[in-house]
Participant: 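Can you keep this structure in mind? I'll have questions shortly.
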Amino acid sequence: MATTDSFILEGTNNLGVLLCHSLTGSPAQMRDLAKKLNKKGYTVSCPLYDGHGLEFKDVIESDAIKWYQTLETAFDELRTQVEGIYVIGMSIGGSFAVKLATMKDVKGLVTLNAPVIGFDLMSDLFNFQKGFDMPDLMTRYKVHRQTYFNFVVELGQIEALRKITAPTFVLQGSFDLDRYKTSSHMLMTYISSEVKQRKDYSKSRHLLLRDNDKKEVIKDIVAFVTEN
């Protein structure tokens, strides 16, 4: 099995965790966290999104809707094996975890720098075009990014966030971009969960499970899941 492949670690406590990796990333990003959770007895599933684990051109041939559907299918399959599921995601994987928490009965939600607001789409497209003078590639990229933009904007509507009632832990890298910090603030402000907490990590940027505070991040997530 390649390190980028989907994986499932069978547990013993009849509870599950669905891990959601980042854009252009793979389940390998989540494996160390998965192992720690599995040692605590959790069955851990981490699917690979369509187009990922290959080349960038394969990623932009796909889109956020397909990736979310992959996670929704994985959630439903895991639910046949366990009594309850925690959803944990990093970057856009965190956005998918938020979406699942609005649509499914989850035991807990954990987000790591998850965007729930849009970005400067025109600047994004302009900067991409400067690096790739290929009209066909640009057309695919534009559709890909527009779908992503629409997904997070819809997700970040206040009425959508208020649907979340599960215990929630919002993790944020202190050196991340303002868009992600604003998203973390929105999650803490608008979700309806009675149990919700946020922690900022002073040595890290965006991919918390790949950055300087990784060990602390994993320890904190495992503690949150086992206590909630």
Participant: Is there side-chain contact between Ile85 and Val17, with heavy atoms separated by less than 4.5 Å?
Facilitator: no
Participant: For Thr111 and Gly94, work out which heavy atoms get closest and say how close.
Facilitator: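 Minimum heavy-atom contact is CG2-O, 4.0 Å.
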Participant: Any non-hydrogen side-chain atom of Val82 less than 4.5 Å from a side-chain atom of Tyr42?
Facilitator: no
Participant: Counting only N and O atoms by type, is there a donor-acceptor contact under 3.5 Å from the side chain of Ser95 to the main-chain atoms of Pro115?
Facilitator: yes
Participant: Can a salt bridge be assigned to the pair Lys214 and Asp32 using a cut-off of 4.0 Å between side-chain N and carboxylate O?
Facilitator: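 A salt bridge links Lys214 with Asp32.
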Participant: Just wondering, do Met90 and Cys20 contact through their side chains at under 4.5 Å, heavy atoms?
Facilitator: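 SC-SC contact between Cys20 and Met90 ruled out.
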Participant: Identify the heavy atoms of Trp67 and Val59 that sit nearest to each other, and give their distance.
Facilitator: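 Heavy atoms only, the tightest pair is CZ2-O, 3.7 Å.
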Participant: Any salt bridge between Asp124 and Arg145, counting N to O under 4.0 Å?
Facilitator: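 Salt bridge present between Asp124 and Arg145.
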Participant: Do Ser193 side-chain atoms and Ala166 backbone N/O form a donor-acceptor pair below 3.5 Å?
Facilitator: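 Confirmed, Ser193 side chain pairs with Ala166 backbone.
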Participant: Please say whether the positively charged group of Arg198, taken as NZ for Lys or CZ for Arg, lies over the ring of Phe169, i.e. under 6.0 angstrom from the six-membered ring centre and within 45 degrees of the axis.
Facilitator: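 Relative to the ring axis of Phe169, which defines the angle, Arg198 lies outside at least one limit.
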Participant: Would you name the heavy atoms of Pro47 and His21 that are closest together and state the gap between them?
Facilitator: O-CD2, 3.4 Å
Participant: So do Asp220 and Lys199 actually touch side chain to side chain, heavy atoms under 4.5 Å?
Facilitator: yes
Participant: State, yes or no, whether a side-chain contact exists between Glu10 and Gln81 at a heavy-atom distance under 4.5 Å.
Facilitator: yes
Participant: Between Arg79 and Asp105 (salt bridge meaning N to carboxylate O under 4.0 Å), is one present in this structure?
Facilitator: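 Salt bridge between Arg79 and Asp105, a charged N being under 4.0 Å from a carboxylate O: no.
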Participant: Under 4.5 Å between side-chain heavy atoms, counting indirect links through other Ile/Leu/Val/Met/Phe/Trp/Tyr residues: same cluster for Met122 and Tyr141 or not?
Facilitator: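 The answer is no; the residues belong to distinct hydrophobic clusters.
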Participant: How far apart are the C-alpha atoms of Ser22 and Gln29, what are their side-chain angles, what is the distance that settles it, and do they pass the side chain to side chain contact (heavy atoms under 4.5 Å, CB included) test?
Facilitator: CA-CA 8 Å; Ser22 73; Gln29 296 175 317; 2.8 Å; yes
Participant: Could you report the tightest heavy-atom contact between Val170 and Met188, atom names first, then the distance?
Facilitator: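 The answer is CG2-SD, 3.8 Å.
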Participant: Is it the case that atom NZ in Lys104 sees more than 12 heavy atoms from other parts of the structure closer than 6.0 Å?
Facilitator: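 It does: Lys104 NZ has more than 12 such atoms within range.
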Participant: To check you understand the geometry: which heavy-atom pair defines the closest contact between Arg205 and Asp176, and what is its length?
Facilitator: O-CB, 3.8 Å
Participant: Do Tyr180 and Leu161 belong together in a cluster built from hydrophobic side chains that touch within less than 4.5 Å?
Facilitator: no
Participant: Would you please test Leu33 and Val222 for side chain to side chain contact (heavy atoms under 4.5 Å, CB included) and show each step?
Facilitator: CA-CA 8 Å; Leu33 173 60; Val222 172; 4.3 Å; yes
Participant: Taking atom types as modelled, is there a side-chain donor on Gln172 or Asp200 under 3.5 Å from an acceptor on the other?
Facilitator: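 Short answer, no.
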Participant: Step by step, work out the side chain to side chain contact (heavy atoms under 4.5 Å, CB included) result for Tyr190 and Ile164.
Facilitator: CA-CA 9 Å; Tyr190 295 117; Ile164 299 173; over 6 Å; no
Participant: Can you check side chain to side chain contact (heavy atoms under 4.5 Å, CB included) on Val110 and Tyr86, steps first, answer last?
Facilitator: CA-CA 8 Å; Val110 179; Tyr86 298 84; over 6 Å; no
Participant: Membership question, hydrophobic clusters at under 4.5 Å side-chain separation (ILVMFWY): are Val153 and Val116 in the same one?
Facilitator: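 Same cluster: Val116 reaches Val153 through Ile, Leu, Val, Met, Phe, Trp or Tyr contacts under 4.5 Å.
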Participant: Consider only side-chain heavy atoms of I, L, V, M, F, W and Y, link residues closer than 4.5 Å, and tell whether Met103 and Leu100 are in one cluster.
Facilitator: yes
Participant: Let me confirm one number: the OG-CD1 distance from Ser183 to Ile117, rounded to the nearest 0.5 Å.
Facilitator: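 It is 4.0 Å, given to the nearest 0.5 Å.
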Participant: Does one side chain, of Ser62 or Asp50, offer a donor that lies under 3.5 Å from an acceptor on the other?
Facilitator: yes
Participant: Run through Val106, Leu109, Val195 and flag the one making a side-chain contact (heavy atoms from CB on, under 4.5 Å) with Pro167.
Facilitator: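 Filter result, single survivor: Val195.
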Participant: Just how far is it from atom CG of Leu125 to atom CE of Met138, taken to the nearest 0.5 Å?
Facilitator: 4.5 Å
Participant: What I'd like to find out is whether the side chain of Lys36 reaches to under 4.5 Å of the side chain of Lys40, using heavy atoms alone.
Facilitator: no
Participant: Quick check: closest heavy atoms across Asn113 and Leu207, and the distance to 0.1 Å?
Facilitator: ND2-N, 4.4 Å
Participant: Measure the spacing between CG of Leu23 and CD1 of Ile92 and express it to the nearest 0.5 Å.
Facilitator: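 Interatomic distance, Leu23 CG to Ile92 CD1, rounded to 0.5 Å: 5.5 Å.
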Participant: To the nearest 0.5 Å, tell me how far Leu37 CG sits from Leu9 CG.
Facilitator: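 Those atoms lie 9.5 Å apart.
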Participant: Compute the centroid of each ring, for Phe151 and then for Phe96, and state whether the two points are separated by less than 6.0 Å.
Facilitator: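 Yes.
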Participant: Mind checking whether Phe119 and Tyr148 have ring centres under 6.0 Å apart?
Facilitator: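 For Phe119 and Tyr148, the ring centres are under 6.0 Å apart.
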Participant: Between Ser6 (side chain) and Leu48 (backbone), is there a donor-acceptor pair under 3.5 Å?
Facilitator: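 Present.
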Participant: Can you confirm whether Ile88 sits close enough to Leu112 that some side-chain heavy atom of one is under 4.5 Å from a side-chain heavy atom of the other?
Facilitator: yes
Participant: Output the distance between atom NZ (Lys196) and atom CG (Asn228), rounded to the nearest 0.5 Å.
Facilitator: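 Spacing of NZ (Lys196) from CG (Asn228) equals 14.0 Å.
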Participant: Are Lys203 and Asp213 ion-paired here, with the side-chain N under 4.0 Å from a carboxylate O?
Facilitator: no
Participant: Where do Lys99 and Glu72 land on the salt bridge (Lys or Arg N to Asp or Glu O under 4.0 Å) test, with the steps shown first?
Facilitator: CA-CA 10 Å; Lys99 178 71 170 178; Glu72 193 170 44; over 6 Å; no
Participant: Check the angle between the aromatic planes of His52 and Tyr49 and answer parallel, tilted or perpendicular using the 30° and 60° thresholds.
Facilitator: perpendicular
Participant: Is the backbone N or O of Ala28 less than 3.5 Å from a side-chain atom of Ser26, with the two atoms forming a donor-acceptor pair by type?
Facilitator: yes
Participant: Are the side chains of Lys181 and Leu177 in touch, meaning some heavy atoms are under 4.5 Å apart?
Facilitator: no
Participant: Side chains of Asn150 and Glu154: is there a donor and an acceptor less than 3.5 Å apart?
Facilitator: no
Participant: For the pair Thr182 (side chain) and Arg179 (backbone), establish whether a donor and an acceptor sit closer than 3.5 Å, ignoring hydrogens and angles.
Facilitator: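 Checking the backbone N and O of Arg179 against the side chain of Thr182, no donor-acceptor pair under 3.5 Å is found.
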Participant: Which value, rounded to the nearest 0.5 Å, describes the distance between Leu171 atom CG and Glu216 atom CD?
Facilitator: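 Nearest 0.5 Å value for the CG-CD distance: 9.5 Å.
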